[in-house]
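The structure under discussion appears below in the form of structure tokens.
Worth knowing before you read on, the calculation uses all heavy atoms, side chains too, and leaves out hydrogens, waters and symmetry mates. Each chain gets a letter, A, B and so on, in the order its sequence line appears, and its residues count up from 1.
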Amino acid sequence: ALVSVPLRRTRSIRTRLRADGLLNEFLKDHTPDMISRRYAQCFPSG
Amino acid sequence: TPSLRLGRISERIYNFMDAQFYGEISLGTPEQNFSVIFDTGSADLWVPSSYCVSEACANHRCFKAFKSTSFIHDGRRFGIHYGSGHLLGTMARDTLKIGGLTIPNQEFGESVYEPSEAFLSAKFDGVLGLAYQSLAEILGSPVFDNMIEQKIVDQPVFSFYLSRKSSHTRPAGELLLGGTNEALYIGPIKWHPVTAKGYWQIRMDSVAVQGVSLFCPVGCEAIVDTGTSLIAGPTSDIVRLQQLIGATPSHFGEFVVDCARLSSLPQVTFVLNGTEYTLTSEQYIRKERLGKNEICFSGFQAVDIISSKEPLWILGDVFLTEYYSIFDKEHDQVGLARA
């Protein structure tokens with residue numbers, strides 16, 4: 001009843017986007033508010 | 001987005017832009033494998049559903065309910081807000097396996113809609129929350145509560161070891177369910193009582209820079225969060241702290257320091273329950289290679305979260321790579337020892 005789960009480490013989403021030169025564009029388009037507004041009509045009421 | 005739950009305001013932290021550590025679990029019979037972030041800052045388990053229509057799901061392993069003989073349909077909807085989007089799905093129950101342990105009848109979420117493009121490049125498929133039940137979006141017991149209820153673990157304790165170093169032969173970290181691994185820490189464990197059972201929230205006495213107590217002078221609250229990569233605090237404090245370590249904002253909104261100055265930067269000390277936890281600049285600065293250049297990013301970020309009228313500090317992976325952390329559900333306390 002004691003279990004060890006090995007954890008792996010990977011480059012974060014931010015690091016990968018930055019390395020690909022996509023971070024600036026991503027952050028411009030993906031502020032939480034912008035996502036909410038874009039998909040507002042898809043959310044269940046409430 | 002603050003939400004009202006169990007008569008109090010709480011805010012969940014779902015920002016996995018910087019998450020780095022993940023491990024394997026399986027769901028269903030026969031087993032379907034998923035990689036998940038083990039997150040002490042949330043309390044839900046979710047993985048993508050095979051019915052997910054989002055582009056992000058196409059890049060990840062998806063749960064096929066129709067292939068599992070132990071699957072129990074629930075049908076209730078759930079929605080989770082996170083840093084850069086929103087997740088929608090349905091709830092279900094099935095057999096969960098972590099390491100060699102089997103947890104039957106575990107409630108979890110199957111996400112059918114992951115609008116954020118952040119998940120497109122995520123290495124992990126889902127998230128397994130290890131916080132208290134009051135933070136759960138999905139009704140039912142969080143995974144570790146279920147393990148305790150079903151007496152699957154010896155002790156109601158789990159521990160994290162996170163390392164900056166990893167290799168093909170050595171994993172970058174370990175989550176131990178049911179106890180602590182004495183080989184992975186040095187010296188005595190200092191225990192800190194949980195002050196509010198939602199996050200793993202503890203009392204912090206102060207934050208000092210080069211020995212001078214400058215922030216949180218009369219005490220404040222901090223949470224120990226494996227799902228947050230950096231160390232976060234109130235904007236006003238973090239902006240000043242960035243100035244003190246000579247960090248300047250990049251056009252990405254991140255703070256960078258001149259790598260050549262690393263050895264001259266001050267130490268930052270977090271005083272918890274009278275015990276000092278000091279980080280050197282080598283420990284709180286993250287070095288990343290960008291093309292031919294090496295960039296030094298500050299390990300501090302501004303996040304404004306308020307709990308019980310007080311702003312919260314978040315001790316994330318930058319802190320936890322230096323300190324082995326033990327989460328004790330029986331005595332509601334967090335133990336810390338030098339990793």
Side-chain angles (χ1 to χ4, degrees), chain A, chain B residues 1 16-25 35 38 77 79 81-86 88 98-101 113 115-124 147 151-155 160-166 171-179 181 229 251-254 288-291 295:
Chain A
L2 186 70
V3 69
S4 158
V5 184
L7 300 178
R8 279 178 284 163
R9 187 175 191 167
T10 179
R11 291 192 307 156
S12 68
I13 297 170
R14 188 189 302 275
T15 308
R16 264 197 295 276
L17 289 171
R18 190 192 297 115
D20 296 342
L22 299 171
L23 182 62
N24 215 4
E25 203 60 29
F26 179 86
L27 292 177
K28 251 191 265 169
D29 291 346
H30 292 84
T31 58
D33 184 43
M34 188 169 287
I35 287 281
S36 303
R37 277 187 278 125
R38 184 184 294 175
Y39 293 102
Q41 74 280 7
C42 306
F43 296 165
S45 59
Chain B
T1 308
F16 298 108
M17 281 287 284
D18 298 294
Q20 291 181 303
F21 294 94
Y22 61 95
E24 289 284 313
I25 61 162
S35 51
F38 292 98
R77 287 187 305 202
H81 290 273
Y82 53 90
S84 54
H86 193 101
L88 290 177
I98 309 177
L101 300 181
Y113 189 57
S116 173
E117 284 172 37
F119 278 119
L120 273 175
S121 49
K123 280 280 180 192
F124 54 89
M147 293 172 86
K151 297 186 170 46
I152 291 168
V153 281
D154 278 346
Q155 298 174 59
F160 273 93
Y161 167 72
L162 305 177
S163 170
R164 281 178 179 230
K165 298 166 198 143
S166 62
E174 177 191 88
L175 162 63
L176 192 70
L177 296 161
N181 186 345
S229 182
H251 60 288
F252 299 136
E254 299 164 291
E288 275 181 29
R289 197 151 278 289
L290 191 62
I295 301 182

Point to revise | Interface moiety of B:Ile152 toward chain A, non-hydrogen atoms closer than 4.5 Å | key: backbone
Check your understanding: In terms of heavy-atom proximity below 4.5 Å to chain A, should B:Glu24 be classed as side chain, backbone, both, or neither?
Key -> both
Check your understanding: Among B:Arg289, B:Glu288, B:Gln20, which residue forms the greatest number of heavy-atom pairs with chain A at distances under 4.5 Å?
Key -> B:Gln20
Exercise for review: Could you look at B:Glu174 and say if it's the side chain, the backbone, both or neither that has a heavy atom under 4.5 Å from chain A?
Suggested key: both
**Study point:** Closest contact, heavy atoms only, B:Leu101 versus A:Val3
**Key:** CD1-CG1, 3.3 Å
Review point. Would a distance-only check, ignoring hydrogens and angles, find a side-chain to backbone donor-acceptor pair under 3.5 Å from A:Arg9 to B:Arg164?
Key: yes
Check your understanding: Between B:Tyr161 and A:Leu7, which heavy-atom pair has the shortest distance, and what is it?
Key -> O-CD1, 4.4 Å
**Study point:** For A:Arg8, the option from B:Phe21, B:Phe124, B:Tyr22 that meets side chain to side chain contact (heavy atoms under 4.5 Å, CB included)
**Key:** B:Tyr22
**Study point:** Part of B:Ile25 within contact of chain A (heavy atom distance under 4.5 Å)
**Key:** neither
